[in-house]
Each structure stands twice: as C-alpha cells, then as structure tokens.
There are 2 protein chains.
Amino acid sequence: MTAQVRGLHARVLESLGPAITGGAYPPGSVLRMDELSKEFEVSRSVMREAVRVLESMHLVESRRRVGVTVLPTPEWNVYDPQVIRWRLAGADRPRQLRSLTVLRSAVEPAAAGLAATHATAEQCAALTECAIGMVSHSRGRQLEGYLIHDIEFHRTILRASGNEMFARLGDVVAEVLTGRTHHQVMFEDPDPAAVTLHVKVAEAVRERDAERAQELTREITLGALEELDVLAP
Amino acid sequence: MTAQVRGLHARVLESLGPAITGGAYPPGSVLRMDELSKEFEVSRSVMREAVRVLESMHLVESRRRVGVTVLPTPEWNVYDPQVIRWRLAGADRPRQLRSLTVLRSAVEPAAAGLAATHATAEQCAALTECAIGMVSHSRGRQLEGYLIHDIEFHRTILRASGNEMFARLGDVVAEVLTGRTHHQVMFEDPDPAAVTLHVKVAEAVRERDAERAQELTREITLGALEELDVLAP
DNA sequence: CGGCGACAATAAGTCTGACTTTTAAGTCAC
DNA sequence: GTGACTTAAAAGTCAGACTTATTGTCGCCG
C-alpha cells in the first residue's frame with residue numbers, strides 16, 4: 001500500500017512523524033538532536049535530514065541552543081499528503097475525516113462543474129467505466145472492488161477539472177474514501193442512492209452539463225457529510 | 001517580507017527551489033549531489049538536507065547510482081506555501097494565479113457560510129474592523145493599507161470557519177492578494193463594488209446569515225476571477 | 001542472434017569526529 | 001533592578017572514509 005521507504009531517514013520519519021502528529025510529543029515539547037539519534041539508532045546526519053523534512057512540514061522548528069521544538073497544530077502543513085496519512089492513522093482520525101470531507105464538499109462540486117467543460121473524451125470514458133464498475137460492485141460485500149472504482153472516479157473528476165490545485169487533492173480524497181471503507185461500514189453495501197448519483201455525474205460530464213454535474217456532485221459530498229454525522233456524531 | 005533564512009541549507013533552498021519550479025531544470029533533468037554542493041559552495045551534508053526537503057515537496061527524487069531527478073509538475077506538492085511562493089515569483093505566475101483564484105472561489109464561499117455559524121464575537125468584531133479599514137483605504141492610492149485589511153479579512157473568514165483545512169489556506173489567499181496588488185492594478189483604486197461586498201459579508205456573518213455570507217463571498221471571488229480574465233486573458 | 005548472469009563502475013547513503021556559531025541564561029558590577 | 005559581560009549548551013558545518021544499491025556492460029551459453 002504505502003511505498004516502501006527509501007533510506008534510513010525515511011524510516012525515522014515514518015516513526016517520528018506519526019508520533020508528533022499523534023500527540024506523543026505535544027506542541028512546545030523540546031527534543032534534542034543527539035538524543036533523537038540515540039533513540040532511533042542512527043547517525044546525526046541522518047537525524048538532521050529527518051528533522052529538516054519535519055521542519056519543512058512546519059511540524060517542528062529547530063533553533064540553536066534550544067533544540068527541536070514541536071510547533072502548535074495550526075502551524076502544521078495539513079495539506080502534505082504524508083501529514084494527512086499520519087494524522088488519519090492516529091487518534092483524532094474522526095475529526096480529521098470530518099474536516100477533509102468538508103473540504104471535499106467545497107471543492108468537488110466546483111471541480112465537477114469544470115470537468116464538464118474540460119474533460120477529454122478519454123476522461124469521459126474513464127468516468128463511465130468507473131461508474132459501471134461501482135454499480136457492478138455495489139452488492140454482495142464487494143467493498144474493496146467498489147472502493148477502487150470510487151477512488152478512480154473522484155480522481156478522474158478532479159484531474160479532468162483542468163485545475164492543478166484540484167487535481168492534487170486526488171490523493172486526499174483517496175485517503176478519505178479508504179478510511180471510510182476500512183473503518184466504518186465495512187459490512188454494509190454502499191448506499192444505492194450514491195451509486196446512482198455517480199452514474200448521473202458521469203452522464204452530465206459526458207453531456208457537457210456543468211450545472212448538473214456540479215449539483216449532482218454536491219449531493220454526493222453532502223451525502224458523505226451526513227454519513228459522517230450518523231456514524232461519528 | 002519573507003522570514004530571514006535560518007541556516008545554510010535554507011539559503012540553498014531559496015536558490016535551488018525557485019530554479020526548479022521556474023523550469024531552469026526541466027522535469028527529467030538529473031542533478032548530482034557533489035556537483036550541486038560544488039555549485040552552491042556548501043558541504044555535501046548541507047546539500048543533502050536541502051535535497052531532502054525538495055524531495056519531501058515531491059519536486060525531486062533522489063536515487064542511488066542515478067542522481068537527483070526533477071519530477072514532472074503534476075507530482076509537485078502545490079499546496080506547500082513555499083512552493084506556491086516560488087512559483088508565484090516565477091514565469092508562469094499568471095497561470096498560477098488563475099488556478100489559485102479558482103480554488104479560492106470554491107473554498108471561500110463555503111468557509112464564509114461556516115464562519116457565519118461558528119465565528120466568535122471577537123472574530124465578528126475583527127471582520128467589521130477589517131471591512132472598515134478597507135473602506136477607509138479604498139480611495140486615493142492607499143493600496144498597501146487596503147491590502148493589509150483585505151488579507152486580514154479573508155484570513156479571519158477562513159479561520160472562523162472552524163475548519164483547519166480552510167484555515168490553512170489563509171497564507172495562500174494572502175499570497176494571491178499580494179500578487180494581484182503588486183503586479184497588476186498598482187495604480188488604480190480597488191473596485192468599489194468589492195469593498196461594499198466585504199462590508200456586507202461582515203454584516204451577514206455578524207447576523208449569523210450563512211446563506212447570505214456564502215452568496216456574497218461567491219460574488220467576491222467571482223469578481224476576482226473576472227478581474228483576472230480582464231487583466232491576464 | 002538473442003537472452004541471461006556475473007561483474008565492475010558509479011553515485012547516493014551512512015557514519016564519525018573535530019570544529020564553529022549562535023544564543024539563552026547566568027553572573028557580576030553598578 | 002538594570003545593564004554589560006561571560007559561559008556553556010545545543011545546533012550547524014565541514015571533511016573524509018567507508019558502505020551499499022543500482023545499472024550498464026560484457027561475455028558466455030543456448
């Protein structure tokens with residue numbers, strides 16, 4: 001699932017990053033380079049590289065004569081896919097899922113509207129194919145197959161919008177959908193209404209009906225929000 | 001304006017980062033560590049730290065026996081504030097401004113709607129104050145003063161939404177507004193209609209009218225989009 | 001002639017130790 | 001108490017030696 005780590009510093013990150021976002025070192029905590037390198041049994045140079053990356057995510061700040069300070073949450077680069085993954089794996093997963101879903105409900109309808117006017121023929125075909133895949137996996141505990149097509153559907157919409165900022169949220173949406181499937185309704189089949197909506201969105205985009213694509217996508221994301229309210233109130 | 005760089009590796013980044021996002025090293029280019037450290041006259045350890053940060057932004061990928069490869073644009077972490085700043089300073093600034101403004105037009109209305117129900121009394125007061133500041137700087141070439149209040153207004157809306165993903169876009173909006181003021185209409189006074197809309201948004205939020213706050217903010221962002229169409233077609 | 005496996009060259013990765021620089025904090029005189 | 005001065009602690013920098021993964025090549029065999 002996750003790309004295999006390349007290099008020692010990446011392995012340190014995969015351990016230290018989640019520890020910070022998970023609250024093991026609360027904001028204001030001060031870590032020291034040589035203690036860290038002792039703890040993770042790596043040389044200081046490797047440790048420095050890891051800390052530099054955390055610093056670029058605004059998770060920590062390194063100052064001379066002080067040490068490595070954990071920054072307050074609002075400073076964190078919450079759009080960094082790695083940070084998102086770490087936080088979704090941690091304790092405040094529910095709140096995280098909610099704020100990401102709210103973001104989706106703002107962005108995806110707009111993206112769908114743009115996609116209706118910008119999508120290439122290939123992208124239209126891909127959307128239809130995804131929608132078909134969702135339908136055919138919508139009954140009988142085929143959640144994994146359903147998820148794959150669901151993710152690809154939303155990824156395609158975001159990419160087809162032609163806006164790179166929207167396109168880059170494909171990974172975020174994928175994480176959210178995966179999280180939902182794996183941690184909430186693993187046993188139930190997906191909502192039939194949602195499936196139908198996806199099919200209709202594919203239609204609307206194919207027919208270049210921006211208004212309808214936007215409205216239908218809004219319904220999808222609103223449904224996702226309501227689902228969250230029901231399952232994690 | 002920009003925070004003074006702390007450390008050598010940061011200085012290297014400030015030079016190498018814009019070079020990459022600016023296209024001086026097109027995607028697929030291969031750089032080599034020791035050549036880079038020669039070029040920037042820093043030790044390899046410093047260079048490695050800089051490359052690690054670029055790697056965490058998905059601007060480059062470092063592989064053994066190959067070197068440091070510049071990744072294709074769609075891979076880039078375009079939500080990283082530093083990447084945004086680098087790109088806005090570079091050649092494709094216009095396209096960048098456009099995609100950021102489209103993002104704004106999706107996010108800010110939703111944020112304003114949420115702000116209407118979540119804003120604290122202090123935040124309502126801050127909004128009103130910003131709006132007043134905008135009005136009083138809206139005539140007679142006081143663009144810098146206007147800009148400060150404009151930025152603070154949008155930042156407050158995003159923060160008051162209560163959604164951390166929205167809140168984190170405050171810096172992005174600030175960059176966009178700054179860019180617009182400094183590179184396009186430096187000589188003209190701001191559009192009076194926009195000023196009025198800001199005042200009305202502050203009102204709507206204060207009166208907890210989510211629907212109106214959202215609609216008015218949509219008008220603001222649509223105005224920003226149209227302005228872009230006129231000035232950079 | 002084409003594929004496969006061993007080998008060698010290459011560039012990143014890692015570690016270590018010595019040194020420098022910044023700066024928080026303590027100290028002392030006034 | 002306030003100021004300037006000193007000290008020490010921690011990150012920052014550098015250089016060099018060594019390790020390891022990867023890739024291209026070359027020769028062998030089918």
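Computed from a predicted model, the values in this text were never measured in an experiment. Note on naming: letters A, B, ... go to the chains in the order of the sequence lines (proteins, then strands), and numbering restarts at 1 for each one.
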Can you list, in residue-number order, the parts of residues 44-54 of chain B that come under 4.0 Å of DNA chain C, counting heavy atoms only?
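When residues 44-54 of chain B is checked for heavy atoms under 4.0 Å from DNA chain C, the hits, listed by number, are B:Arg48, B:Arg52.
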Distance check needed: [N] [atom2] versus [X] [atom1], whole Å only.
X: A:Phe40; N: C:dT14; atom1: CZ; atom2: P; result: 15 Å
X: A:Lys38; N: C:dC15; atom1: NZ; atom2: P; result: 14 Å
X: B:Arg63; N: C:dT10; atom1: CZ; atom2: P; result: 18 Å
X: B:Asp34; N: C:dG13; atom1: CG; atom2: C1'; result: 13 Å
X: B:Glu61; N: C:dA11; atom1: CD; atom2: P; result: 17 Å
X: B:Leu8; N: C:dT20; atom1: CG; atom2: P; result: 16 Å

Using only atom types and a distance under 3.5 Å, with no angle test, would you say the side chain of A:Glu175 pairs donor to acceptor with the backbone of A:Val172?
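Judged by distance alone, no pair lies under 3.5 Å.
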Side-chain donor/acceptor of B:Glu55 to backbone N/O of B:Ser62, under 3.5 Å
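Judged by distance alone, yes, a pair lies under 3.5 Å.
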Kindly indicate whether the side chain of [X], heavy atoms from C-beta on, has any atom under 4.5 Å from the side chain of [Y].
X: B:Ile20; Y: B:Trp86; value: no
X: A:Arg104; Y: A:Val173; value: yes
X: B:Leu8; Y: B:Phe40; value: no

Step by step, work out the salt bridge (charged side-chain N to carboxylate O under 4.0 Å, His left out) result for B:Arg87 and A:Glu164.
CA-CA 13 Å; B:Arg87 298 188 73 191; A:Glu164 65 177 352; 2.9 Å; yes
Between B:Asn163 and B:His118, a side-chain donor and acceptor under 3.5 Å
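B:Asn163 vs B:His118: no donor-acceptor pair found between side chains.
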Establish, from distance only, whether the side-chain atoms of A:Ser45 and B:Arg48 form a donor-acceptor pair under 3.5 Å.
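On atom types as modelled, these side chains do not qualify, holding no pair under 3.5 Å.
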Which nucleotide span of DNA chain D, 5' end to 3' end, has atoms closer than 4.0 Å to non-hydrogen atoms of chain B?
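Both ends considered, the range comes out as D:dT13 to D:dT23.
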Nearest nucleotide by nearest heavy atom, which residue falls closer to the 5' end of DNA chain C, A:Val66 or A:Glu41?
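Result of the comparison: A:Glu41.
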